[in-house]
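A short write-up of the structure that comes next.
Atoms considered below: every heavy atom in the structure, side chains included; atoms not considered: hydrogens, waters and symmetry mates. So you know, we letter chains A, B, ... as the sequences are listed, proteins then strands, and number each from 1. Keep in mind the model is a prediction, meaning the values are calculated, not measured.
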Amino acid sequence: MSTLLSGLNTEQLNAVTLPHQSALVLAGAGSGKTRVLTTRIAYLIQSRQVSPHSIIAVTFTNKAAKEMLARISTMLPINTQGMWVGTFHGLCNRMLRAHYQDAGLPQTFQILDSADQIAVIKRVLKGIGADDEKFPPRQVQWFINNAKEEGLRGSQVEAYDDFTRKMVEFYLVYEQQCNKDGMVDFAELLLRSYELLTRNEILRRHYSGRFSHILVDEFQDTSQLQYKWLKLFAGAGAAVFVVGDDDQSIYAFRGANTGNMREFEHDFRISKIIKLEQNYRSHGNILDAANTLIRNNSGRLDKNLWTSEGHGEPLRVYNAPTDFDEAAFIVDEVKSLHAGGVELSQIALLYRSNAQSRVLEHALFNASLAYRVYGGMRFFERQEIKHALAYLRMIANPDDDNALLRIINFPVRGIGARSLEQLQDDAKQLGGSLWQAALEKYSSGAVSSQASEDMETVLHSRNKKIDKPKKGVNSFVVLIEAIQQGCDELSLPEIVDHMLEHSGLVDYYRAEREGANRLENLHELINAATSYIQEAEDDSLAGFLAHASLEAGEHQSGNNQDALQLMTVHSAKGLEFHSVFLSGLEEGLFPHENSRNEAGGLEEERRLMYVALTRARRRLYLSFAQNRMLHGQTRYNIPSRFLQEIPDGLLKWLHPLQKKVITQQVPGIMGRESGTTDQVFGMLTQKSRLRMKESTIDIRDTEASRWHVGQNVTHAKFGAGVIVNREGGGADARVQVKFNHAGTKWLSLEYAKLAST
DNA sequence: ACTGATTCTTTTTTT
DNA sequence: AAGAATCAGT
């Protein structure tokens with residue numbers, strides 16, 4: 001007990017030991033939020049004799065849920081399996097599985113991730129002959145999800161204009177399709193379980209009675225519907241303990257509603273907000289920068305982070321000519337940090353959008369630095385895995401049209417658009433799934449052909465209609481049935497293995513030239529199944545499939561070696577690192593240009609920036625590039641306004657060698673002496689920009705002219721050699737070097753650190 | 001039905 | 001720049 005609470009500061013202790021009442025904890029970045037939550041749970045169980053069975057803890061990501069469970073079990077020797085800890089979506093799934101009948105769902109209902117959802121929408125649109133130029137599937141998806149988030153069914157949405165009426169129509173057909181196939185999208189998980197509780201009084205009583213304590217992490221990220229869902233769970237008697245930081249709300253695009261914090265204050269009669277303001281993570285300068293920046297936002301709940309640590313280093317700012325230079329700079333700095341004893345895994349490279357990782361990866365790869373990219377293409381989103389999952393879905397529930405369409409001709413078995421159309425028509429007539437239609441066709445060559453037709457036509461049409469397409473469809477039906485039968489008595493990993501072998505997927509990718517990686521992923525899927533049955537209490541195939549949809553990421557066939565961490569700012573939330581590089585600080589990128597048109601968009605971007613800054617413990621690099629390649633063309637950018645919102649005194653500007661000259665030529669641009677914002681930052685005139693560019697090239701050319709054919713050189717990695725050729729000029733200058741021991745290579749003078757010997 | 005070529009389009013962030 | 005989607009030719 002005393003060990004449980006030791007080391008907590010006054011506010012933390014206060015929060016942890018609160019009596020049975022609802023509470024709002026406003027917890028700044030790095031203020032020990034997770035610790036407070038987990039300790040509170042442990043404290044409730046240990047000192048208040050609260051049964052783990054009556055505690056529910058909601059987190060925002062699966063990762064956070066896992067970590068919470070792990071921390072609790074180190075504090076208390078209890079079985080955490082009975083506890084309800086998870087994301088909103090995860091918990092809703094759990095509930096719907098338990099009461100699938102009451103919820104009007106088939107036992108094997110499938111969860112659609114966004115990509116699946118788009119696919120279904122596309123199919124639906126095509127099915128009713130809608131013009132997908134005029135109604136882009138993305139927009140339809142957005143409409144549907146928004147409606148669901150507001151708690152509205154297709155029949156309840158009010159439409160006053162043609163466009164909306166059309167959208168509603170799509171929504172209705174989409175709903176129908178989902179119901180028919182037993183599919184549930186993310187928003188549906190929430191809405192469905194919300195409705196279940198609203199309608200079903202017995203269940204509602206059961207749950208609101210069962211949970212005496214509800215704890216919510218990252219409360220600022222909850223949506224309207226999620227909040228209503230919470231209130232339903234809480235009923236009248238539960239103590240609801242929510243922890244959040246309005247400054248770190250970065251999911252408004254997904255429906256997060258900071259206003260929930262104020263509503264909560266009101267709804268649950270919170271008399272005093274508990275504030276955790278001592279930061280245990282970052283040095284003073286970093287914190288000051290973050291605090292100053294975020295003060296530019298309006299309507300914040302008041303809070304100011306402080307630290308008892310010293311100021312530490314200034315933030316380092318780097319102005320790179322191009323994104324390549326930026327990457328090269330980062331690589332250099334990482335190397336010296338690493339050489340100085342900082343573990344690679346303690347260094348993070350953060351960026352606003354996933355696409356930015358490419359340049360960085362390229363540079364890191366060439367420098368042979370170990371790195372790991374989070375997010376981006378996730379494990380369960382890869383095409384080979386999606387294919388494999390589709391086969392598994394067919395085993396679990398063959399009426400899943402979506403899954404069927406994905407794999408009916410993959411690997412190819414001669415089923416083209418023609419036979420598919422046929423099948424879809426049959427299904428429509430039958431009023432059943434594609435699978436049922438396929439079965440019908442396959443199992444009965446002599447189906448009730450219309451008696452009115454004469455014999456010849458029947459024979460004729462049978463030969464043409466049934467024989468030919470039947471071949472393909474037939475083989476598919478046989479295959480799926482064979483796999484299904486083969487799965488009896490098998491464990492989950494064995495089912496996966498069995499499916500992989502017999503579906504032909506393994507053979508397909510084995511034959512593919514670039515298939516090695518995909519093969520590896522397919523095998524990794526077996527491992528994923530193995531670890532799933534070890535961790536989850538429900539080891540059914542349906543459970544595994546739900547898991548795959550809900551937890552798309554975090555399963556990488558990865559090694560645990562010390563590696564740099566690359567991720568978006570969003571996915572860095574909740575993490576901390578010794579050193580952080582924040583790259584791409586340019587207008588249009590961060591803040592992102594799309595945020596301009598959205599209400600509150602800029603403030604959300606600023607919060608995102610705040611999150612990014614507060615990830616760093618000791619050292620923080622901020623960098624931007626004047627030119628950046630985007631969608632295949634170069635864009636000229638001006639530095640992010642957020643840079644300017646950080647006090648000068650906290651920044652230390654780093655300049656590459658060439659830059660010194662530029663500074664002299666164009667004073668007032670690089671130096672940040674007095675002057676209006678526009679002069680300093682941005683609005684570089686076309687002319688001055690040009691001047692900068694020219695001067696850069698000039699210098700480079702001098703740089704390049706240092707090298708000539710026949711010169712003896714050494715390279716850090718390849719050793720000694722002689723220049724045998726050179727081409728290009730300016731930024732593109734390259735030399736061909738014949739190395740004594742490493743063959744002949746073309747090297748870019750810009751990056752290859754050649755030394756003359 | 002399949003292949004190769006051409007055009008199009010890109011998510012900002014995630015359950 | 002790269003991948004997906006569509007189109008044309010076989």
Check the distance between dT14(B)'s P and Arg138(A)'s CZ and give it to me in whole angstrom.
13 Å
Aromatic ring pairing Phe544(A)/His547(A), orientation class (parallel under 30°, perpendicular over 60°, tilted between):
parallel
When the C1' atoms of dA4(C) and dT13(B) are considered, how many whole Å apart are they?
22 Å
Quickly work out the Glu593(A) CD to dT12(B) P distance and round it to whole Å.
8 Å
Choosing from dT12(B), dT15(B), dT14(B), which nucleotide comes nearest the side chain of Arg352(A)?
dT12(B)
Looking at Asn354(A), does any N or O in its side chain come under 4.0 Å of the phosphate oxygens OP1/OP2 on dT13(B)?
yes
Taking the inter-plane angle between the rings of Phe410(A) and Tyr509(A) on a 0 to 90° scale, is it parallel (under 30°), tilted (30 to 60°) or perpendicular (over 60°)?
tilted
Shortest side-chain distance from Arg358(A), nucleotide among dT15(B), dT12(B), dA2(C):
dA2(C)
Below 3.5 Å, does any donor atom in the side chain of Thr61(A) face an acceptor in the base of dT14(B), or the other way round?
no
Under the rule for side chain to side chain donor-acceptor pair (under 3.5 Å), what residues qualify as partners of Asp246(A), not counting sequence neighbours?
none
Within less than 4.0 Å of OP1 or OP2 of dA5(C), is there a side-chain N or O belonging to Lys122(A)?
yes
Rounded distance in Å between the P positions of dT11(B) and dT6(C):
16 Å
ring centroid sep under 5.5 Å plus plane angle under 30, Tyr251(A) with dT14(B):
no
Report the distance from atom CD1 of Ile118(A) to atom C1' of dA4(C), rounded to the nearest whole Å.
14 Å
Using a strict cut-off of less than 4.0 Å between a Lys/Arg side-chain nitrogen and an Asp/Glu carboxylate oxygen, indicate whether Glu593(A) and Arg635(A) qualify as a salt bridge.
yes
How long is the line joining CD1 of Ile250(A) and C1' of dT14(B), in whole Å?
10 Å
Check whether any side-chain nitrogen or oxygen of Thr568(A) sits under 4.0 Å from OP1 or OP2 of dT14(B), and answer yes or no.
yes
Could you tell me whether the side chain of His592(A) has a donor or acceptor atom within less than 3.5 Å of a complementary atom in the base of dT12(B)?
no
Using a 4.0 Å heavy-atom cut-off, does Phe590(A) contact any base of the nucleic acid, only the sugar-phosphate backbone, or nothing at all?
nothing
From CZ of Phe380(A) across to P of dT15(B) the rounded distance in Å is 13 Å
Starting at the 5' end of DNA chain B and moving along, which residue's nearest nucleotide shows up first, Ser353(A) or Asn62(A)?
Ser353(A)
Is it the case that more than 12 heavy atoms not belonging to Arg300(A) sit under 6.0 Å from its CZ atom?
yes
List in chain and number order the residues that pass side chain to side chain donor-acceptor pair (under 3.5 Å) with Tyr610(A), two or more places apart in sequence or in another chain; answer none if no residue qualifies.
none
Between dT10(B) atom P and Gln139(A) atom CD, what is the distance in whole Å?
12 Å
Donor-acceptor side-chain pairing of Asn402(A) and Arg123(A) below 3.5 angstrom
yes
What is the distance, rounded to the nearest whole Å, between atom CG of Leu589(A) and atom C1' of dT12(B)?
9 Å
How long is the line joining CG of Asn145(A) and C1' of dT14(B), in whole Å?
12 Å
Would you kindly say whether Tyr174(A) and Asp185(A) are connected by a side-chain donor-acceptor distance under 3.5 Å?
yes
Nearest of dT15(B), dA5(C), dT13(B) to any side-chain atom of Ser114(A)?
dT15(B)
Protein-proximity profile, nucleotides 1-9 of chain B, B/S/- by nucleotide at the 4.0 Å heavy-atom cutoff, equals SS-------
Distance criterion of 3.5 Å, no angle test: do you see the side chain of Arg254(A) paired donor-to-acceptor with the base of dT13(B)?
no
Phe186(A) side-chain proximity, nearest of dT11(B), dT15(B), dT12(B):
dT15(B)
